[in-house]
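To start, the structure under review is shown below, and the notes come after it.
Each ligand, and each atom within it, is numbered from 1 in the order the structure gives. Values reported hereafter were calculated over all heavy atoms of this structure, with side chains retained and with hydrogens, waters and symmetry mates removed. Keep in mind it's a predicted model, so treat the numbers as computed, not measured.
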Amino acid sequence: MNKIKACLFDLDGVLVDTAKYHFLAWKKLANELNIEFSEEDNEKLKGISRMASLEILLSLGNMELSNEMKLKFAEKKNNWYVEYISKLTPNDILPGVKEFLTLLKCHDIKIALGSASKNSMLILNKLNLVNYFDAIIDGNKITKAKPNPEVFLKCAEELNISPKHCVVFEDAEAGIEAAINAGMYSIGIGSPSILKKANFVVDNLSYMNLEKLSLLK
Ligand code: B16
Ligand code: MG
């Protein structure tokens, strides 16, 4: 029998590719602050919170700001980001997502969202995905960012399923670590050389099926 009773999904990079919009918005802010910021630098911001991302950007420019100014710039970046993602449509859903979520529903495996983003409801609504989820835990409901396991433990709690029966799908190293810290299985989405600690890694959710889930023992 399959041990897995719940699948917990990260949002950015797993269900939708919003990383490019985060990059464009951070790049716009970096330009304004005269900080050099590359796509490679942007990799370090994946999966971590908005304020932690800003701290990394500022450290790249050896820049220190008051808390008040930090909040102002974080808001500015978010306004640009929200403008970009307001154009998202269901066509932006990553390959295999809807098919895999439908398969899980048919087999009574619970589905949760575990994301650091405070914009997750806006994104899920744009993608028409809200109804698939039995629980939604995002940046508005947590205080500790990944690799802290809080986000995934809250998913398990809301679903009333033990962490040992949960598997997390993540594209970021910090997210895989959060899953391990929660005592859950983890499946990486993306590069095996970056997501080394995951139980296994697939390119995207079109490579997932029930047989692959049953490999988790
Ligand atoms: P927001 P995830 C994360 O989402 C992103 O990967 C990360 O780059 C972003 O800084 C974070 O959300 C916060 O997003 O500014 O929208 O609140 O990957 O955990 O779904
Ligand atoms: Mg992610």
Side-chain angles (χ1 to χ4, degrees), residues 7-30 37 39-60 70-86 88 92-94 97 111-127 129-130 133 135-155 168-179 181-182 184 186-191 194-195 197-198 201-205:
C7 288
L8 281 38
F9 295 90
D10 173 54
L11 178 63
D12 295 333
V14 173
L15 304 180
V16 61
D17 180 17
T18 38
K20 56 181 181 246
Y21 300 120
H22 277 298
F23 174 67
L24 287 175
W26 284 124
K27 179 80 185 156
K28 216 165 165 172
L29 185 67
F37 183 65
E39 286 202 50
E40 203 183 328
D41 295 324
N42 190 55
E43 284 299 308
K44 300 182 197 118
L45 311 187
K46 282 191 181 168
I48 65 165
S49 73
R50 195 180 306 163
M51 289 312 283
S53 301
L54 178 66
E55 296 289 355
I56 293 179
L57 181 78
L58 294 175
S59 71
L60 287 171
K70 281 182 197 166
L71 287 172
K72 199 184 125 213
F73 283 121
E75 191 188 340
K76 205 165 186 181
K77 178 265 168 182
N78 191 54
N79 289 340
W80 286 321
Y81 176 66
V82 168
E83 208 176 302
Y84 291 128
I85 60 173
S86 68
L88 284 174
D92 293 295
I93 298 172
L94 286 171
V97 170
I111 300 173
L113 185 87
S115 166
S117 177
K118 292 186 171 169
N119 294 300
S120 68
M121 281 315 288
L122 173 68
I123 297 170
L124 288 183
N125 275 315
K126 290 270 166 202
L127 303 178
L129 286 179
V130 180
F133 291 89
I136 294 178
I137 306 294
D138 68 7
N140 299 298
K141 293 188 181 165
I142 54 164
T143 53
K144 299 176 206 97
K146 300 165 187 175
N148 189 287
E150 185 187 15
V151 65
F152 296 131
L153 290 174
K154 280 200 166 169
C155 290
V168 169
F169 292 83
E170 259 288 351
D171 70 317
E173 219 181 338
I176 298 290
E177 276 167 21
N181 292 337
M184 297 175 179
S186 60
I187 297 178
I189 302 290
S191 155
I194 297 174
L195 306 169
K197 294 184 188 157
V201 179
V202 291
D203 251 2
N204 59 51
L205 289 177

*Looking only at N/O atoms, are Asp171 and ligand 1 under 3.5 Å apart anywhere?*
no
*Electrostatic pair Lys44:Asp41 at N-O distance under 4.0 angstrom*: yes
_I'd like the atom name of the N/O/S atom in Asp10 lying closest to the Mg ion (ligand 2)._
OD2
*Could you establish whether Gly47 and ligand 1 come within less than 4.0 Å of each other, counting only heavy atoms on the residue side?*
yes
*Would you find a donor on one side and an acceptor on the other, under 3.5 Å apart, between the side chain of Lys126 and the backbone of Ile85?*
no
*Val151 and Ser115: which non-hydrogen atoms are nearest, and at how many Å?*
CG2-N, 3.8 Å
*Hey, does the side chain of Asn78 reach the backbone of Ala74 with a donor-acceptor pair shorter than 3.5 angstrom?*
no
*Could you say whether the N/O atoms of Gly114 and ligand 1 ever approach to under 3.5 Å?*
no
*Mind checking whether the Mg ion (ligand 2) has an N, O or S of Glu170 under 2.8 Å?*
no
*Option set Ser115, Ala52, Ala145, criterion heavy-atom distance to atom 20 (O) of ligand 1, minimum*: Ser115
*Shortest protein heavy-atom distance from atom 3 (C) of ligand 1, along with the residue and atom involved*: Asp12 OD2, 3.4 Å
_Checking a contact table here: which protein heavy atom is nearest atom 8 (O) of ligand 1, and how many Å away?_
Leu45 O, 3.1 Å
*So Tyr84 and Tyr21, would you call those rings parallel, tilted or perpendicular, with 30° and 60° as cut-offs?*
parallel
*Look only at interatomic distance and state if Asn78 has a nitrogen or oxygen under 3.5 Å from any nitrogen or oxygen of ligand 1.*
no
*Counting each atom of ligand 1 from 1 as listed, which ones have a heavy atom of Asn119 under 4.0 Å away?*
1 (P), 16 (O)
*Among protein heavy atoms, which lies nearest atom 15 (O) of ligand 1, and at what distance?*
Arg50 NE, 2.8 Å
*Asn181 side chain to Pro147 main-chain N or O, any donor-acceptor pair under 3.5 Å?*
yes
*What part of Lys118, side chain, backbone, both or neither, has a heavy atom within less than 4.0 angstrom of ligand 1?*
both
_Please compare Asp10, Ile48, Val151, Leu11 and report which has the shortest non-hydrogen distance to atom 7 (C) of ligand 1._
Ile48
*Hey, does Lys146 come in under 3.5 Å of ligand 1, counting only N/O atoms on both sides?*
yes
*Which is it for Ser117 and ligand 1 at heavy atoms under 4.0 Å: side chain, backbone, both or neither?*
both
*Only one of Leu205, Asp10, Leu94 passes side chain to side chain contact (heavy atoms under 4.5 Å, CB included) with Leu15; say which it is.*
Leu205
*Kindly give the heavy-atom pair with the smallest separation between Gly114 and Phe152, and that separation in Å.*
O-CE2, 3.6 Å
*Roughly, to 10 degrees, what angle do Asp171 atom OD1 and Asp12 atom O form around the Mg ion (ligand 2)?*
90°
*Taking all heavy atoms of Trp80 and all of Ala25, pick out the closest pair and write down the distance.*
CE3-O, 3.8 Å
*May I ask you to decide if Thr143's main-chain N or O and Glu150's side chain share a donor-acceptor pair within less than 3.5 Å?*
yes
*Does ligand 1 have any atom sitting under 4.0 Å from a heavy atom of Gly13?*
no
_Does this structure show an ion pair linking Lys27 with Glu39, if we count only N-O contacts that are shorter than 4.0 Å?_
no
_Atom indices of ligand 1 within 4.0 angstrom of Tyr81 heavy atoms, with elements_ = 16 (O)
_Over 12 foreign heavy atoms within 6.0 Å of CD, Glu173_ = no
_Which of the numbered atoms in ligand 1 are under 4.0 angstrom from any heavy atom belonging to Ser53?_
10 (O)
